[in-house]
Amino acid sequence: MSTETGKKQLEPDKTSRKFVPPPRRSIIPSKPTKSVKAACSQILVALLGFVYVVLTQSDAQYCDDINRSSCPDRYFASNYSEAREKFLSASAKYKHARTYSLAILDELPFYDQQQQQQQGSEKRDERLYMDITILNEHSNSKHLIVHISGTHGVEGFAGSAIQLGIIDYLNRMLFDQSSIEVAETTDQFMPAAFPDPRTLAWDRVSWMSNVVDGCQDAGTCEVTSSSSSSSSSSSSSSSSSSLTKDQVIEQLRKDPPIVILVHALNPYGMAVGRRWNENNVDLNRNFKTEEEWKMSGTSSEEDGNNENENENENKNKNKNENKNKNKNKSKNKVYVELESLLNGDYHEYVNDYVQQDGTRRWLNSWRVELGYWMALVSGVLRYGTSSLMAATVAGQTYNDKYLFYNGQKTPLEKSHQVLLRFLQDKFDEHKTTWARHIQKLTWIDVHTGLGKAGVDSLLTDDDVEFDKLKTLFPTHSTENRVENTKAGRDKDNNSSSSSSSSSSSVSYGVATGGNYGMATGHTLNYRHTIASLLTHNNASQTELDSICFAQEFGTHMSATVFRALRQENAVYQAYVDLMRRNAAQPTLSPQQIHDLQQFVWQWHSHVKDTFYVNTLPWKTNVLRRGLKVFLDLFLR
């Protein structure tokens, strides 16, 4: 306060001749204000959240005897190398299988190499592959099934286990001469960790345009010749015959559906323990259509990867300018406003870590942990849980170090480039068979994360396919869900009609599907690629009967999942910058580097534990549910 102002306030009131004292302001309000209440709530929730994280940590559980039929560990792996070895071994045992190993990375970056070598979890000089096995490649079936694991890297262990189960189950069902009936001892046919064969949807078996209806467990199946895709064929004459279940299997043995198993679409994330790929890109947001790229506010002319590489100074300048340009054009305004909350800057935290002793490190980690929970509560109070989550999972296209980075339109990420080229080559190779016969497409992309632990949700972004899933899985339990994420997107874009609400989702329990409404660029967009390849090789190709969805298994509550992603990415980005600076001008001792790598590895391991609940009940349920959904669709 200036001197003149102070004097003016202390002058006597000329009318009353009384002094008017300046108003007093109490430091502590007499009543708690909303801001004080909110701050207290933040602190309370922060403490509760931290306690929850500590209490919910559980030790890994493994079978006493891995050869026991009820043990799921024969299909699950503890790291990428083991998962790949199991997948290749299982594929080699399948009677009609061909496996293709496609290199994605020749080697890890030096800072990841040192970390992996220190932990001994992966070979330092190992190339990272996307492995693809095609079952029944030369079948004349009308049905093509594509099953993907590891789109989100560290989430791939669940999908990998299911793929091993698929190979084992189909090998037994199609090529063993045993009956499908369950014996008293399940070891005689199917492991106890598998779904009961009597629960499969045998009444949906179809082949050669035949639809099986009314198949009972011990009875016969009524087979009627008809077509599900055209009204003209439905009115044609039909012939029926009675088939036993073993005869149904015999028909499937002649021309079983063609199954493409894509193992580790993102091998880097699966090997290192990250959800993102080697460029920090979310592969399930990167495969956008032209319209979706426009919706995200990105075009090829504004591509952040199109930089002047002649001079480092110009390169960095152009990169920052493109980031700011794309940031301003981003359609996800909530993400832009919350970027500091979603992407903490931990450079100071990581730099201090290497200089501190054990006690100070522990206290500093508590400070950072409580700070995260308080910031999260602040964001929830301001925007609400649904808006916050929807904006988060939709991601952004302007900063390659931030969470949920969608990447750029050009170039497409290498994993997608390799898979696209593989599919194109295979359809060209089988243009006289696949293009002529295939009329059905089933696309399953396995994920883990949101939802109740061990409970799966089936998420699609197409209205027609959503209705098909509801029909195919009408008895989904009260905990499982079939959801249409497109309905949420239409709502967010204010473009939905009143009828969209009726087809938004069949949702039970804690709803998550609507939070994906703003997210685009899913692998489900490959449906357009397959349809285009079929049409290219067969101009008379009819409309493709497709069902494409993500099967997501719950692990932990969403706040815990986001915490793991946010903290790991912030620590990892700071670690990478520090290691690059140290490589250019060494300042860290070998012991400091060792401690720092151990610290970062702990966060990688925590992310893995968040998306891979290594307990026997969770693993058993994932294997059974994953196989049950696959087999019911295998028989459609």
Side-chain angles (χ1 to χ4, degrees), residues 63 66-69 71-105 121-123 125-141 143-150 156-178 180 187-191 193-194 249 252-267 270-271 415 418-419 421-423 425-426 429-430 433-434 444 446 619 622-623 626-627 630-631 634:
C63 303
I66 196 172
N67 295 317
R68 195 171 68 241
S69 65
C71 177
D73 288 331
R74 65 175 78 181
Y75 303 102
F76 281 87
S78 59
N79 56 57
Y80 162 76
S81 296
E82 183 186 355
R84 181 170 188 256
E85 183 180 344
K86 285 187 173 184
F87 180 78
L88 296 177
S89 177
S91 298
K93 295 176 183 177
Y94 192 86
K95 188 174 181 180
H96 299 297
R98 293 178 64 184
T99 301
Y100 308 83
S101 296
L102 311 174
I104 302 299
L105 270 183
S121 61
E122 312 287 352
K123 299 176 183 177
D125 58 348
E126 183 180 28
R127 299 178 75 185
L128 300 182
Y129 291 90
M130 175 202 306
D131 296 296
I132 301 179
T133 292
I134 304 182
L135 310 180
N136 320 314
E137 183 171 351
H138 297 286
S139 171
N140 290 322
S141 173
H143 193 186
L144 172 64
I145 305 175
V146 182
H147 190 280
I148 300 181
S149 68
F157 295 97
S160 174
I162 294 171
Q163 289 175 338
L164 294 181
I166 289 171
I167 296 173
D168 194 0
Y169 202 109
L170 294 184
N171 209 18
R172 294 167 185 258
M173 185 176 77
L174 298 179
F175 305 116
D176 275 4
Q177 296 304 314
S178 309
I180 195 68
D187 292 329
Q188 295 182 21
F189 188 73
M190 294 293 177
F194 281 6
I249 295 173
L252 288 173
R253 285 172 177 164
K254 291 181 180 179
D255 281 311
I258 302 165
V259 180
I260 300 179
L261 303 175
V262 182
H263 185 267
L265 181 66
N266 175 10
M270 195 170 178
S415 291
V418 170
L419 181 56
R421 186 163 55 248
F422 175 83
L423 291 173
D425 291 344
K426 277 298 157 187
E429 179 183 344
H430 298 288
T433 53
W434 287 14
I444 307 173
V446 178
K619 290 183 285 189
V622 166
L623 189 59
L627 272 172
F630 172 86
L631 291 168
F634 180 85

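Since we're looking at a predicted model, the values are computed, not measured.
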Are the side chains of S149 and V446 in contact, using a 4.5 Å heavy-atom criterion?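 The answer is no, as the side chains (C-beta and beyond) never meet within the 4.5 Å cut-off.
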Exercise for review: Kindly indicate whether the side chain of I132, heavy atoms from C-beta on, has any atom under 4.5 Å from the side chain of L419.
Suggested key: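 Yes. Closest side-chain heavy atoms under 4.5 Å.
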D168 with R172: basic N within carboxylate O range, under 4.0 Å:
yes
What closest approach, in Å, do [X] and [Y] show between heavy atoms, and which atom pair accounts for it?
| X | Y | answer |
| --- | --- | --- |
| L265 | M130 | CD1-CE, 3.5 Å |
| Y80 | P267 | CE1-CB, 3.9 Å |
| A271 | L128 | CB-CD2, 4.1 Å |
| P256 | N136 | CG-CG, 3.4 Å |
| N266 | S415 | CA-OG, 4.5 Å |
| F76 | A158 | CE2-CA, 4.0 Å |

(Q) List the residues meeting salt bridge (charged side-chain N to carboxylate O under 4.0 Å, His left out) with R98, not counting sequence neighbours, and say none if there are none. (A)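 Expected list: E137, E429.
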query = Short question: side chain of R253, backbone of M173 - any donor-acceptor pair under 3.5 Å?
reply = yes
Next on the checklist: Between D131 and F87 (side chain of the first, backbone of the second, donor and acceptor by atom type, cut-off under 3.5 Å), is there such a pair?
Outcome noted: no
#### Entry: With D73 via side chain to side chain donor-acceptor pair (under 3.5 Å) - residues at least two apart
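Side chain to side chain donor-acceptor pair (under 3.5 Å) check on D73 returns K619.
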Taken in chain and number order and not counting sequence neighbours, the residues that satisfy side chain to side chain donor-acceptor pair (under 3.5 Å) with T99 are T133
How many angstroms lie between atom [atom1] of [X] and atom [atom2] of [Y], to the nearest 0.5 angstrom?
| X | Y | atom1 | atom2 | answer |
| --- | --- | --- | --- | --- |
| N79 | R84 | CG | CZ | 12.5 Å |
| Y129 | L88 | OH | CG | 10.5 Å |
| F194 | Y169 | CZ | OH | 8.5 Å |
| L135 | I258 | CG | CD1 | 10.5 Å |

Worksheet item: Between D255 and S141, does any side-chain donor sit less than 3.5 Å from a side-chain acceptor?
Response: no
*Could you walk me through whether I260 and L423 pass the side-chain contact (heavy atoms from CB on, under 4.5 Å) test, one step at a time?*
CA-CA 10 Å; I260 300 179; L423 291 173; 4.3 Å; yes
### Query
Looking at residues at least two apart in the chain, or sitting in another chain, which of them share a ring pair (Phe, Tyr, Trp, His ring centres under 6.0 Å) with H147?
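If we apply the ring pair (Phe, Tyr, Trp, His ring centres under 6.0 Å) test to H147, skipping adjacent residues, there are no hits.
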Residues at least two apart in sequence or cross-chain that pass ring pair (Phe, Tyr, Trp, His ring centres under 6.0 Å) with Y94, listed by chain then number, are F175
If the condition is side-chain contact (heavy atoms from CB on, under 4.5 Å), which residues does A83 pass it with, not counting sequence neighbours?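 A83: side-chain contact (heavy atoms from CB on, under 4.5 Å) contacts with A77, S160, H263, M270.
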Run the side-chain contact (heavy atoms from CB on, under 4.5 Å) test on R74 and K86 for me, step by step, so that the C-alpha distance in whole Å, both residues' side-chain angles and the decisive distance to 0.1 Å come before the verdict. CA-CA 9 Å; R74 65 175 78 181; K86 285 187 173 184; 5.5 Å; no
field: side-chain contact (heavy atoms from CB on, under 4.5 Å), paired with Y75, selected from L164, I167, V622
entry: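 Among L164, I167, V622, the one meeting side-chain contact (heavy atoms from CB on, under 4.5 Å) with Y75 is L164.
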Practice item. Apply side-chain contact (heavy atoms from CB on, under 4.5 Å) to L170 and F634, showing your working. Key: CA-CA 10 Å; L170 294 184; F634 180 85; 3.9 Å; yes
